[in-house]
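To start, the structure under review is shown below, and the notes come after it.
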There are 2 protein chains.
Amino acid sequence: MATRIQQKNTAAILEAALDVFSTHGFRGATVDQIARAAGLSKPNLLYYFPSKEAIHTALLDGLLEAWLDPLRALDEAGEPLDEVLGYVRRKLEMSRDFPRESRLFANEIIQGAPRIGPYLSGELKDLVDEKSRVIRHWIGDGKIAPVDPYHLFFSIWALTQHYADFDVQVHAVLGSKDIDPYPDAQAHLEAIFTRMLRP
Amino acid sequence: MATRIQQKNTAAILEAALDVFSTHGFRGATVDQIARAAGLSKPNLLYYFPSKEAIHTALLDGLLEAWLDPLRALDEAGEPLDEVLGYVRRKLEMSRDFPRESRLFANEIIQGAPRIGPYLSGELKDLVDEKSRVIRHWIGDGKIAPVDPYHLFFSIWALTQHYADFDVQVHAVLGSKDIDPYPDAQAHLEAIFTRMLRP
DNA sequence: GTCTATAAGGCGATAGAC
DNA sequence: GTCTATCGCCTTATAGAC
């Protein structure tokens, strides 16, 4: 049974760690940095988590738990094009609302997925295999244009996560620090996938 | 005037450093790791480069020098759709042939572009602004369908670089370690942009 | 040009008082 | 539960012999 203080501090640590790990990667982050951002001393932080690795694992576990939800919601019984567009919209909203989580994930993958390799070829692949059959079924019925389902999913991931992972570049190129690129991005992606999938 | 030994060792160091930096990021990489991969002792490596930072800077400078070439080649006088498809093809070939360079760049951007911020809002933005005017010109002439030029370029970058940066995930999801995903990727991307831009 | 040895400091983690 | 002090390791970089 966690006390109110424990809950508060644990939450503050995870919040601070998400900030630091997503920006600097696992090795680039320091426990001191996380502790200061959480308003705690270093030994006090290590009173709540046994090690730096443990904090990182806790973050990753929490993330992977929710990472596949948008894809799970893709419904075979729905209107095919709407279902894909809905998935794209949910993924783009995740980039907008949880960019640090996206960068935490991206850091892991780029560095060879040392901690989540089994997840990729297990849970993730299984779900993608399943939903690929749905896509192929829709294609067979003439509901959407022919497309390689796996590369379709790669495209959705790449296009939506780009706005979180490469956020700095997006803003640098658009030039205006204050403008929200997401409304235009949403319209752009909807147009892409509509043209791509309309029979 | 560099001797043959100097040229050989400098090249070996940069080659090894590209391997290590692109996989582990700047902080995650160690000089010892790079030295061993280059077949040199640590002090010997530091005889050729004054610091770890200097090696990284040399790599980044060399990369940025060539990074924009595929976009520079986009020719206003060419056939619009072919020009865009050619750019996509060149970028995808860069992902296939230089995945470590792509990951080196991705690591920098994800971590907030601490070293290349000026490049992004300088050289890169200027070139994108220029080529965006070309895209808009083509749209005005009815040569390609209306599209936001900036988000078009974001899409090209996201879709092509994904195959280098998220290589591990691509292979995990496709399931077969030995299969080359690039032929299918090329066909997929050509179909996307053809459908997207045909008037 | 290349090595062994080592300085100097940062970092993860622990000890022990309060 | 939280702190100060510190251990021990790892890492960057240098000294100095060959």
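Protein chains get the first letters and strands the later ones, always in sequence-line order, with residue 1 at the start of each. None of these values were measured; they are calculated from a predicted model.
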Would you say the ring centroid of B/W157 lies under 6.0 angstrom from that of A/F166? no

Can you name the nearest heavy-atom pair linking B/M94 to B/P70, along with the distance? SD-CG, 3.4 Å

Can you tell me if the side-chain N/O atoms of A/Y47 get under 4.0 Å from OP1 or OP2 in D/dT2? no

So B/Y48, base contact, sugar-phosphate only, or nothing? Heavy-atom distance under 4.0 Å. sugar-phosphate

Nearest-Å distance for atom pair CG/P, residues A/L40 and C/dA13: 16 Å

Take the protein atom CG of B/L45 and the nucleotide atom C1' of C/dC3, then report the distance between them rounded to whole Å. 14 Å

Step-by-step salt bridge (Lys or Arg N to Asp or Glu O under 4.0 Å) determination, A/K125 to A/D129: CA-CA 6 Å; A/K125 176 175 168 43; A/D129 283 344; 3.1 Å; yes

Can you check the A/N44 CG to D/dG1 C1' distance for me, whole Å? 6 Å

Could you work out, with side chain to side chain contact (heavy atoms under 4.5 Å, CB included) as the rule, every residue matching B/I144, not counting sequence neighbours? B/P80, B/I135, B/W138, B/I139, B/L197

Interatomic distance where CD1 belongs to A/I34 and P belongs to C/dA13 [whole Å]: 10 Å

A/R72 vs A/E130, test: salt bridge (Lys or Arg N to Asp or Glu O under 4.0 Å). Steps then yes/no. CA-CA 10 Å; A/R72 285 201 191 92; A/E130 176 196 330; over 6 Å; no

For nucleotides 4-18 of chain D, read 5' to 3', which letter fits each nucleotide if B means a protein heavy atom sits under 4.0 Å from the base, S means only the sugar-phosphate is that close, and - means neither? BB-----SBBB----

Here the distance between atom P of D/dG1 and atom CD1 of A/I5, to the nearest Å, is 6 Å

Please lay out, stage by stage, how A/E53 and A/R115 fare under the test salt bridge (Lys or Arg N to Asp or Glu O under 4.0 Å). CA-CA 11 Å; A/E53 179 86 34; A/R115 295 169 183 83; 3.4 Å; yes

